[in-house]
Amino acid sequence: MKKIVRQYWWGLLLGFLAIIIIPVILQWMMISIFNNTSGGSDDGWLGFWGGYLGAIITVPTTVFVTIWSILKQIKESKNQFERQIEESKNQFERQIEENKNQFKEESRIDNLSKLLSIIISLRDDTIYFKIHLKCNEKLEKTCANDKSAEWFFNERFLEFQKEFNTISILLSPNDINRKDFFPIKEALDDAEKVYVSQNEINPILQSLEKVVDSINRLLEVTKKKI
């Protein structure tokens, strides 16, 4: 409203002057130009001025109230629209955050599942290697002719280590820690030493059983995270 007054002050001033001047000019014309009139009686002019002043008060008041109501409604509609925009924005941001968290959780579960598969694969290969050794009555046969021991202790272990590090680095320390891999490495190193130094099959099988136990412990730790 103040903005309208500042912008159109000259029009309001002209309107106010017109309200005062027009009746004066009208009375002057009735007396001077239209000299065949008496200029009106006092009661007549009193009634005219009463109605005129009443209209002056009523019309601007009505206009003011109407404009004020319209401006108020526009302001309320604007505020309501801004609130709706803000609520929609917040809802959109919450949805994005929820989708982001859901994606992270799905990715986390997927990586843990892959890690479980890698660990289980190493455990199965260890068990198969034990079975292979049991099938040989004498250890000399495997040492002389078979490459399975070299593959298991070197290539297979390095392959597992690489796969484990690749997946575990995608997970948080709360899910899995690469330090959890160390007991398996220690058990495999001990089993390799026993395999090289022993001529009997039983100590080797026992050392491999320790490898399986360390793998199973890592499996249990990983399963609890899913």
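For the residue pair Asn99 / Gln95, a side-chain donor-acceptor distance below 3.5 Å is found, with atom types taken as modelled.
Residue pairs meeting the ring-ring contact (aromatic ring centres under 6.0 Å, His included) criterion with at least one partner in residues 98-130, sequence neighbours excluded, are Phe129-Phe152, Phe129-Phe153.
Under the 4.5 Å side-chain criterion, counting only non-hydrogen atoms from C-beta, Arg108 is in contact with Leu171. With a 4.5 Å cut-off on side-chain heavy atoms, Asp110 and Glu106 do not count as touching. Put simply, the side chain of Glu220 reaches to within 4.5 Å of the side chain of Lys223, judged on heavy atoms. Using a 4.5 Å heavy-atom cutoff, the side chains of Leu71 and Lys75 are not in contact. Annotation: side chain of Thr222 is in contact with side chain of Leu218 (closest heavy-atom distance under 4.5 Å). Proximity of Gln91 to Arg94: side-chain heavy atoms (C-beta onward) are separated by under 4.5 Å at one or more points.
We find the CZ-CZ distance between Phe157 and Phe164 to be 10.5 Å, quoted to the nearest 0.5 Å.
Looking at every heavy atom in both residues, Leu208 comes nearest to Thr126 through O-CG2, 3.9 Å.
Take Asn216 and apply the side-chain hydrogen bond (donor to acceptor under 3.5 Å, both in side chains) test, not counting sequence neighbours, and it matches Arg123. Scanning for side chain to side chain contact (heavy atoms under 4.5 Å, CB included) contacts around Glu159 gives Arg156, Glu163, with sequence neighbours left out.
Tested against Arg217 for a side-chain contact (heavy atoms from CB on, under 4.5 Å), the candidates Asp213, Leu219, Ile215 yield a single pass: Asp213.
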